[in-house]
Amino acid sequence: MDMKYLDHIGIAVADLEEAIETYEKLLGAECYKRETVDQQQVETAFFRAGESKVELLGATGSDSVIAGYIAKKGEGMHHVAFEVEDIRGEMERLRGEGFSVLSEEPSRGADNKLVAFVHPKDNHGVLVELCESLD
Ligand SMILES: C[C@@H](C(=O)O)C(=O)SCCNC(=O)CCNC(=O)[C@H](O)C(C)(C)COP(=O)(O)OP(=O)(O)OC[C@H]1O[C@@H](n2cnc3c(N)ncnc32)[C@H](O)[C@@H]1OP(=O)(O)O
Ligand SMILES: [Co+2]
């Protein structure tokens, strides 16, 4: 078992600027980093919450899964992300356990990470992200 800790929770938001203001007030902390991830068609904004982070996600295009999610379900909790040491090994292990890992290979995420996702249907309704830091 290679999952290390909860790296972040992802929250889908309709208006990133507005959501950043809200979360700055809520957490009493400043957004410390913003990054666009073209491959996922998202713009991210990060807050620290102890060892973990909150990742606000705004869609940068209508094909973005975040745009689809908001259209269907509205804003809210989108995924939980666990840091792993060996993402390819972990993807293989989970496939072996019968989980639907949503890509053959990991892709580039925010924060200099490789990321991959496990379908929410396999996790009692929670979309799970695996991430491996390249730092
Ligand atoms: C930048 C990076 C980072 O941290 O570094 C990120 O986080 S990028 C974060 C954004 N990127 C991603 O999430 C990439 C991985 N996600 C995906 O590939 C997709 O979102 C899927 C999880 C496959 C869902 O896409 P799909 O087109 O199938 O959507 P859909 O609306 O038809 O949904 C199919 C069923 O899954 C449910 N569903 C969809 N998204 C969900 C979510 N986030 N959490 C819980 N349930 C979810 C729907 O309600 C529906 O259930 P019913 O059938 O019951 O109605
Ligand atoms: Co994420």
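Counting convention: from 1, in listed order, for ligands and their atoms alike. Throughout, numbering of the chain's residues begins at 1 and tracks the sequence.
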Where do E17 and R34 land on the salt bridge (Lys or Arg N to Asp or Glu O under 4.0 Å) test, with the steps shown first?
CA-CA 11 Å; E17 307 304 326; R34 291 177 66 155; 2.8 Å; yes

What heavy-atom pair brings A12 and Y69 nearest, and what distance separates the two atoms?
CB-CD2, 3.8 Å

E24 atom CD: more than 12 heavy-atom contacts under 6.0 Å:
yes

Under a 4.0 Å N-O cut-off, is there an ion pair linking E35 with K33?
yes

Geometric class of the H8/F46 ring pair [parallel <30°, tilted 30-60°, perpendicular >60°]
perpendicular

Sequence-distant partners of N112, side chain to side chain contact (heavy atoms under 4.5 Å, CB included), two or more places apart
R108, L134, D135

Is there a donor-acceptor contact under 3.5 Å from the side chain of S103 to the main chain of E105?
yes

Please report the shortest heavy-atom distance between G58 and I66, naming the atom on each side.
C-CG2, 4.2 Å

K73: what forms a salt bridge (charged side-chain N to carboxylate O under 4.0 Å, His left out) with it, not counting sequence neighbours?
none

Per-pair distances, ligand 1 N/O vs protein N/O, less than 3.5 Å:
{"unit_1": "ligand 1", "atom_1": "4 (O)", "unit_2": "H8", "atom_2": "NE2", "d": "3.1"}
{"unit_1": "ligand 1", "atom_1": "4 (O)", "unit_2": "E55", "atom_2": "OE1", "d": "3.1"}
{"unit_1": "ligand 1", "atom_1": "4 (O)", "unit_2": "E55", "atom_2": "OE2", "d": "2.6"}
{"unit_1": "ligand 1", "atom_1": "4 (O)", "unit_2": "E129", "atom_2": "OE1", "d": "3.1"}
{"unit_1": "ligand 1", "atom_1": "4 (O)", "unit_2": "E129", "atom_2": "OE2", "d": "3.2"}
{"unit_1": "ligand 1", "atom_1": "5 (O)", "unit_2": "A110", "atom_2": "N", "d": "2.8"}
{"unit_1": "ligand 1", "atom_1": "7 (O)", "unit_2": "E55", "atom_2": "OE1", "d": "3.1"}
{"unit_1": "ligand 1", "atom_1": "7 (O)", "unit_2": "H79", "atom_2": "NE2", "d": "3.0"}
{"unit_1": "ligand 1", "atom_1": "7 (O)", "unit_2": "E129", "atom_2": "OE1", "d": "3.0"}
{"unit_1": "ligand 1", "atom_1": "11 (N)", "unit_2": "Q40", "atom_2": "OE1", "d": "2.8"}
{"unit_1": "ligand 1", "atom_1": "31 (O)", "unit_2": "K72", "atom_2": "NZ", "d": "3.0"}
{"unit_1": "ligand 1", "atom_1": "32 (O)", "unit_2": "K72", "atom_2": "NZ", "d": "3.4"}
{"unit_1": "ligand 1", "atom_1": "43 (N)", "unit_2": "H78", "atom_2": "O", "d": "2.9"}
{"unit_1": "ligand 1", "atom_1": "43 (N)", "unit_2": "H78", "atom_2": "NE2", "d": "3.4"}
{"unit_1": "ligand 1", "atom_1": "46 (N)", "unit_2": "K73", "atom_2": "NZ", "d": "3.3"}
{"unit_1": "ligand 1", "atom_1": "51 (O)", "unit_2": "K121", "atom_2": "NZ", "d": "3.4"}
{"unit_1": "ligand 1", "atom_1": "53 (O)", "unit_2": "K121", "atom_2": "NZ", "d": "3.4"}
{"unit_1": "ligand 1", "atom_1": "54 (O)", "unit_2": "K121", "atom_2": "NZ", "d": "2.8"}

The Co ion (ligand 2): protein N, O or S atoms that are less than 2.8 Å away, sorted by chain
H8 NE2, E55 OE1, H79 NE2, E129 OE1

